Amino acid sequence: MGQNVADLFVHTLVRAGVTRVWGLPGDSLNGFTDAIRRSGELEWRHVRHEEAAAFAAAGEAHVTGELAVVAGSCGPGNLHFINGLFDAQRSRVPVLAIASHIPSAEIGSSYFQETHPQELFRECSDYVELVSDPAQLPWVLETATRTAVERNGVAVVVVPGDIFHRDAPKRRPSAPIRATRPRILPSEDELAAAAGLLNDAGRVTILAGAGVAGSHDEVMALAEALQAPIVHAFRGKEHIEYDNPFDVGMTGLLGFASGYRAMERCDALLILGSDFPYREFYPENATIIQVDVRGEQLGRRTPIDLGLVGDVGETARALAPLVRGGRSNAHLADSLKHYRSTRHQLDELANDDGRAPIHPQYVAKLVDELSTEDAIYTADVGSPVMWAARYLRMTPDRRLIGSFSHGSMANAVPQALGAQAAAPDRQVIALAGDGGISMLMGELLSIRQNDLPVKVVVFNNSSLNFVELEMKAAGTVTYGTDLVETDFAAIAQASGIAGFRVEKASDLAATLKRAFDEPGPALVDVVVARQELTIPPSITVAQAKGFALYALRTVFSGRGDELLDLADTNVWRRLFN
């Protein structure tokens with residue numbers, strides 16, 4: 001019996017280094033899943049929701065840097081991919097989605113479960129194509145795979161279910177597809193122009209983003225030459241924060257006052273591999289030089305004086321010798337002093353003051369202290385990313401993964417699935433919000449089904465907490481953000497996962513240690529303060545006015561007790577710490 005299209009799919013993926021496929025089975029996908037079963041060369045990783053499958057594939061790709069694969073059945077099945085694929089695309093990780101389709105003869109007839117995946121996924125992918133004839137398959141699949149790994153993005157192959165069962169075309173296979181590693185460097189004239197601008201500036205600050213990955217030493221050498229403090233965007237944290245004597249923290253809505261100040265007071269800002277989106281945090285009067293391997297990203301967030309297309313490491317290595325020696329360290333010293341003060345203030349808030357509910361800063365601090373030096377963290381969008389940004393310390397081997405560009409809720413647990421499958425011997429910790437874990441709660445069953453020792457820490461404040469903060473900043477009375485009080489530890493236990501609930505700070509350290517020592521999966525449900533304020537590093541007049549309006553409107557709405565709780569949680573501890 002000859003090879004069919006599904007067999008060719010599996011063979012091509014195996015040659016590309018793929019070891020597992022995330023998804024849910026379904027009738028239109030039966031040919032493909034059967035080929036996986038017969039081959040014995042790929043793992044089928046079953047999840048409870050296709051959105052989680054896409055997030056899991058992205059989590060795997062984050063950890064390995066290699067192609068990850070997700071597969072789903074026609075219509076509503078693969079339609080669920082959309083959120084996870086958008087996240088993978090915006091995070092720039094290589095994911096291939098196999099979207100099976102209705103029978104080819106029925107396309108265009110409003111058949112049962114008919115959609116048009118090639119149109120639906122176009123916005124969240126670098127390549128999407130429908131295979132309507134088996135002869136297309138080798139070319140389409142190889143192009144899709146190569147596009148995903150070369151562009152670090154999403155590629156989608158749409159295959160009608162009947163095509164999987166057709167005979168595969170005969171064609172000499174191409175070499176196994178792996179990402180190339182080109183050297184991309186600005187021209188000598190461009191480097192000289194950048195050096196001229198930097199040499200003319202008295203105070204230089206570096207903003208480092210995810211593009212500094214793999215270039216830690218080169219960026220350190222350039223910062224030394226420039227005597228420049230290094231501010232990082234959130235996605236740059238895991239790559240540049242560790243072993244960094246120039247670190248002055250993060251900027252942005254989740255960041256530190258010191259990071260904001262180091263950028264605001266510079267004469268020249270050197271942006272390295274960052275697409276940091278918040279325009280209000282860029283300096284208004286500084287000379288700005290931006291380095292990015294993707295030329296289309298230059299100047300799209302703030303006006304720049306010079307844009308360089310190049311790999312960060314290669315560019316930094318070439319630029320450092322052109323920097324004039326004997327530079328003053330006054331700006332660096334001042335920025336580091338302010339950072340130490342800011343860091344001290346943040347650390348003072350991460351304590352056990354003997355009061356209930358528990359301060360979420362203290363939870364994050366203990367997670368940091370009790371986890372391994374090569375732990376992989378995932379963090380839900382909302383307040384967990386705030387505490388991850390401020391209290392998790394990066395090392396050369398730790399990783400921090402989240403929906404930091406797309407900003408989707410419910411990402412932490414499914415991304416942890418993918419990370420743990422890719423790194424079975426490393427500690428994987430999902431920092432989940434009660435809203436996030438509720439949204440894809442079925443993935444607790446996926447953890448158990450796939451026998452993955454993921455550790456989940458739930459920040460349980462019975463609210464959509466970050467949304468409430470946004471409402472307060474806008475002067476709006478909080479509304480529609482209440483979540484019914486839930487014992488997630490009991491749900492975990494019912495799912496076959498070790499579950500622990502913590503309501504007193506004095507019990508937290510021992511409980512986290514016990515959970516982290518579990519050989520299998522574990523969940524720690526921590527009841528944390530709902531009214532903990534997460535203030536951005538730069539308070540605008542509008543935000544200050546918004547909080548005042550919120551307070552006034554809350555009193556007039558008859559909910560003054562909320563203000564008392566807010567004061568009790570925040571003012572008291574700041575006065576007496």
Side-chain angles (χ1 to χ4, degrees), residues 1-47 50 53-54 56-58 60-61 64 66-74 77-78 81 85 88 94-104 117 121 125 127-150 154-179 417-418 421-422 449-450:
M1 182 177 178
Q3 188 181 57
N4 66 20
V5 165
D7 295 325
L8 179 59
F9 245 101
V10 171
H11 180 67
T12 303
L13 295 177
V14 170
R15 282 172 55 81
V18 174
T19 58
R20 64 187 64 82
V21 177
W22 298 89
L24 261 72
D27 56 352
S28 60
L29 198 62
N30 286 346
F32 179 67
T33 51
D34 186 60
I36 291 177
R37 177 189 65 80
R38 288 185 284 102
S39 77
E41 295 182 283
L42 289 177
E43 292 180 89
W44 177 258
R45 289 286 189 170
H46 184 87
V47 297
E50 287 93 346
E60 177 186 334
T64 66
E66 304 289 342
L67 183 71
V69 180
V70 61
S73 59
C74 66
N78 60 57
F81 286 163
L85 293 186
V95 171
L96 173 68
I98 300 169
S100 65
H101 203 0
I102 64 172
S104 53
F121 295 119
S125 62
Y127 179 88
V128 56
E129 192 55 74
L130 168 68
V131 176
S132 54
D133 187 294
Q136 293 175 262
L137 195 279
W139 307 103
V140 168
L141 181 55
E142 289 181 14
T143 300
T145 302
R146 201 175 299 280
T147 300
V149 299
E150 293 295 352
V154 171
V156 183
V157 178
V158 182
V159 188
D162 56 296
I163 298 291
F164 279 123
H165 299 280
R166 305 270 187 90
D167 291 339
K170 298 288 191 289
R171 186 175 79 87
R172 181 177 69 85
S174 297
I177 296 171
R178 295 289 194 279
L417 283 169
Q449 174 124 10
N450 289 281

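Since the structure is predicted, the reported quantities are computational estimates derived from the model, not experimental observations. These numbers come from the heavy atoms of this one structure, side chains and all, not from hydrogens, waters or symmetry mates.
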Not counting sequence neighbours, which residues clear side chain to side chain contact (heavy atoms under 4.5 Å, CB included) with Ala179? List them please. Val149, Arg181

List the residues meeting side-chain hydrogen bond (donor to acceptor under 3.5 Å, both in side chains) with Glu41, not counting sequence neighbours, and say none if there are none. none

Quick one, Val154 and Phe121 - any side-chain contact, counting heavy atoms below 4.5 Å? no

Holding to side chain to side chain contact (heavy atoms under 4.5 Å, CB included), I want the full list of residues that pass it with Ala144, two or more places apart in sequence or in another chain. Leu96, Tyr127, Ala155, Val157

What pairs of residues pass the salt bridge (charged side-chain N to carboxylate O under 4.0 Å, His left out) test when at least one of them lies in residues 17-26, not counting sequence neighbours? Arg20-Glu43, Arg20-Glu60

Residues 156-170 vs salt bridge (charged side-chain N to carboxylate O under 4.0 Å, His left out), sequence neighbours excluded, gives Asp162-Arg166

Partners passing side-chain hydrogen bond (donor to acceptor under 3.5 Å, both in side chains) against Ser132 (at least two apart in sequence or in another chain): Gln136

With a 4.5 Å limit on heavy-atom distance, are the side chains of Phe81 and Val95 in contact? no

I need the minimum non-hydrogen distance between Trp22 and Leu417, along with the two atoms involved. CH2-O, 3.6 Å

Taking the side chain as every heavy atom from C-beta outward, state whether Pro117 and Val156 have any atom pair closer than 4.5 Å. no

Taken in chain and number order and not counting sequence neighbours, the residues that satisfy side chain to side chain contact (heavy atoms under 4.5 Å, CB included) with Ala35 are Ala6, Asp7, Val10, Arg38

Partners passing side-chain hydrogen bond (donor to acceptor under 3.5 Å, both in side chains) against Ser73 (at least two apart in sequence or in another chain): none

Between Leu8 and Pro169, is there a side-chain heavy-atom distance shorter than 4.5 Å? yes

Which heavy atom of Ile102 sits nearest a heavy atom of Cys74, and at what distance? N-CB, 3.7 Å

What residues form a salt bridge (charged side-chain N to carboxylate O under 4.0 Å, His left out) with Arg15, not counting sequence neighbours? none

Student check: side-chain heavy atoms of Phe32 and Ser100 closer than 4.5 Å: no

Applying side chain to side chain contact (heavy atoms under 4.5 Å, CB included), name anything that partners Leu24, two or more places apart in sequence or on another chain. His46, Val47, Glu50

Verify side chain to side chain contact (heavy atoms under 4.5 Å, CB included) between Phe9 and Leu137, making sure each step is shown before the conclusion. CA-CA 8 Å; Phe9 245 101; Leu137 195 279; 3.3 Å; yes

Partners passing salt bridge (charged side-chain N to carboxylate O under 4.0 Å, His left out) against Arg178 (at least two apart in sequence or in another chain): none

Check: Ile98 and Leu13 side chains under 4.5 Å, non-hydrogen atoms: yes

Partners passing salt bridge (charged side-chain N to carboxylate O under 4.0 Å, His left out) against Glu142 (at least two apart in sequence or in another chain): Arg171

